[in-house]
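A short worksheet on the structure shown next.
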Amino acid sequence: MSETLEYPFDTLPSEGTTLTVAPGVHWIRMPLPFALNHINLWLIEDGDGVAIVDTGFGLEATQQAWQRILADVGKPVTRIIVTHFHPDHLGLAQWLSERTGAGITMTHGEYLSGHAVWHQLGGYGTEPMVAQFRRNGLDEERCQALAQRGNAYERGVPSLPSRYERVVDGECLRIGGRDWEIIVGYGHSPEHMSLFCEDAGILISGDMLLPRISTNVSVFAVTPEDDPLGRFLDSIRKFKRLPVTTLVLPSHGSPFRNIGLRVDQLVEHHDARCAELLAACDVPRCAGELLTTLFPRPLDTHQVMFAMGEAIAHLNHLERKREVCRSVDSDGIVRFVKSH
């Protein structure tokens, strides 16, 4: 196995255009209003039409770009596939469905999670999230900043579907005369769908495998003692069964090859993060105190949300491995200390 990732494309698709990455598969790049400023979406030729994989954040600029692209393509949309419920992926699915007549394909966990977060139901939403972060030691100023944002998810997902085609792990979608195997992964989101086409030698990885950054893995307030990091690591290791020549189409960054190396890099990254936290837990420490251990750079409010979720996820993972012990002190703060 090569010691580097291979990036076969030197250019990026400009906004409102497509770039062919393989026969019948086209790359779209849309803007995001965050430090991570783009998302990759995909068009797959499907007979006389095209299938869409992921839809972009609910921005007017993204709607306009879609209108230009679909006009240029000049073919009907056969289906809209959403890898997971996060707003940059599900955001314009219903808007596109209403305009094209195409149905939406998702896993059950992603469909229900989108509705739960959008409607702030069942322990999903801003108020439970802020309460969780407060219990894990985030300072009050940043808790208030998160609370004042309100339901940021609803702004990225203007409308939600009320029906969908459900798919599960191991099933295949027939697109353009080829089978695309559904590979469900866990940890980044409840039932994230990646798509592998053996005939084309392509994996549409969504957010499960990114080439230059690590996928956010956070603990939801509704499952405060969960171990999503353990599930994420187990999920990505399964990608090593795919051929080394597989072209990986990620949601952020450029397409790449050498999938096994990238899996190893991500496992090593999270091992190193856990080691840093473990070293800092000689005395009881909370996630809020450990943010700068994992993220020494300044964080905006949006980034604090992800950073806290990720810090808790790593601490929960260490607890699951019995390397730290959890306690709740008289002040109500959850703290972790190295096991002896």
Side-chain angles (χ1 to χ4, degrees), residues 9 12-21 25-46 49-107 110-111 113-115 117-118 151-161 164-165 175 188-189 192-195 204-211 213 215-216 248-255 302 306:
F9 300 99
L12 302 173
S14 57
E15 189 174 321
T17 67
T18 64
L19 179 68
T20 300
V21 294
V25 182
H26 309 282
W27 177 12
I28 298 168
R29 186 175 159 105
M30 294 289 196
L32 292 178
F34 311 116
L36 181 59
N37 63 6
H38 72 279
I39 179 171
N40 300 323
L41 315 174
W42 312 98
L43 288 182
I44 306 173
E45 294 178 20
D46 189 16
V50 291
I52 292 171
V53 182
D54 286 335
T55 66
F57 196 84
L59 299 171
E60 185 176 348
T62 307
Q63 293 175 345
Q64 293 172 353
W66 268 123
Q67 289 169 341
R68 292 194 299 272
I69 287 167
L70 294 178
D72 289 343
V73 168
K75 297 179 179 180
V77 176
T78 57
R79 66 166 77 226
I80 298 163
I81 301 165
V82 178
T83 59
H84 61 297
F85 82 95
H86 292 165
D88 47 338
H89 301 263
L90 178 58
L92 289 177
Q94 178 62 13
W95 180 84
L96 281 165
S97 180
E98 290 170 354
R99 280 151 185 78
T100 64
I104 295 169
T105 300
M106 301 177 67
T107 64
E110 301 300 328
Y111 177 83
S113 295
H115 278 268
V117 175
W118 202 93
N151 188 354
Y153 183 81
E154 188 178 14
R155 291 192 289 276
V157 187
S159 58
L160 282 172
Y164 73 112
E165 177 189 6
I175 306 171
H188 176 64
S189 65
H192 182 295
M193 181 201 322
S194 299
L195 295 162
I204 298 178
S205 65
D207 278 347
M208 290 300 291
L209 284 177
L210 304 178
I213 61 175
T215 301
N216 178 259
V248 182
L249 305 183
S251 291
H252 310 282
S254 294
H302 183 71
F306 291 119

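No experiment lies behind these values; they were computed from the predicted model shown. Scope of the values below: all heavy atoms of this structure, side chains included, with no hydrogens, waters or symmetry mates. Along the sequence shown, the residues carry numbers beginning at 1.
- Counting only heavy atoms from C-beta outward, the side chains of Leu70 and Leu96 approach each other to under 4.5 Å.
- Rounding to the nearest 0.5 Å gives a distance of 15.5 Å between OG1 of Thr100 and NZ of Lys75.
- Closest heavy-atom contact between His26 and Thr20: ND1-OG1, 2.9 Å.
- Considering only heavy atoms from C-beta on, Leu195 stays 4.5 Å or farther from Trp42 through its side chain.
- Residues Tyr153 and Phe85 form a side-chain contact, since some pair of their non-hydrogen atoms from C-beta on lies under 4.5 Å apart.
- Taking Glu165 as the reference, Arg79 meet the salt bridge (Lys or Arg N to Asp or Glu O under 4.0 Å) condition, with sequence neighbours excluded.
- Rounding to the nearest 0.5 Å places CD1 of Ile52 at 11.5 Å from OG1 of Thr105.
- Contact between Ser251 and Asp207 at its shortest, heavy atoms only, is CB-OD1, 3.1 Å.
- The line from NE2 of His188 to NE2 of His86 is 4.5 Å long, rounded to the nearest 0.5 Å.
- The aromatic rings of Phe306 and His302 lie perpendicular to each other, with more than 60° between the two planes, well past the 30° mark.
- Scanning all heavy atoms of the two residues, the minimum distance from Leu92 to Gly58 falls at CD2-CA, 3.8 Å.
- In summary, the side chains of Thr83 and Asp54 do present a donor paired with an acceptor at a separation below 3.5 Å, with no hydrogens or angles considered.
- A side-chain contact (heavy atoms from CB on, under 4.5 Å) with Ser254 is found for exactly one of Asn40, Leu12, Val21, namely Leu12.
- Taking CD1 of Ile213 as the start and NE2 of His252 as the end, the distance is 6.5 Å to the nearest 0.5 Å.
- Ser189 pairs with exactly one of His89, His84, Glu110 by the side-chain hydrogen bond (donor to acceptor under 3.5 Å, both in side chains) rule, that one being Glu110.
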Mind listing the side-chain donor-acceptor pairs of residues 28-35 below 3.5 Å, one per line with the distance, residues two or more places apart or on another chain?
| residue | atom | partner | partner atom | Å |
| --- | --- | --- | --- | --- |
| Arg29 | NH1 | His38 | NE2 | 3.4 |

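- Taking 4.5 Å as the limit, every side-chain heavy atom of Leu249 sits out of range of all side-chain heavy atoms of Val53.
- Nearest heavy-atom pair across Ser205 and Leu209 is OG-O, 2.9 Å.
- Side-chain contact between Ile39 and Phe57: absent, with no pair of heavy atoms (C-beta onward) separated by less than 4.5 Å.
- Arg155 pairs by the side-chain contact (heavy atoms from CB on, under 4.5 Å) definition with Arg149, Ala152, not counting sequence neighbours.
- A pairwise comparison of heavy atoms in Pro255 and Trp27 identifies CD-CH2, 3.4 Å as the closest pair.
- Minimum heavy-atom separation, Leu210 to Pro250: CD2-CB, 4.0 Å.
- For Gln67 and Gln63, the side-chain atoms include no donor-acceptor pair closer than 3.5 Å.
- Atom-to-atom distance recorded for Leu41:CG and Ile204:CD1 is 10.5 Å, nearest 0.5 angstrom.
- With contacts defined as side-chain heavy-atom distances shorter than 4.5 Å, the pair Ile69/Leu43 qualifies.
- For the atom pair OG1 of Thr107 and OH of Tyr164, the computed distance is 7.5 Å after rounding to the nearest 0.5 Å.
- The closest side-chain heavy-atom distance from Leu90 to Leu160 is below 4.5 Å.
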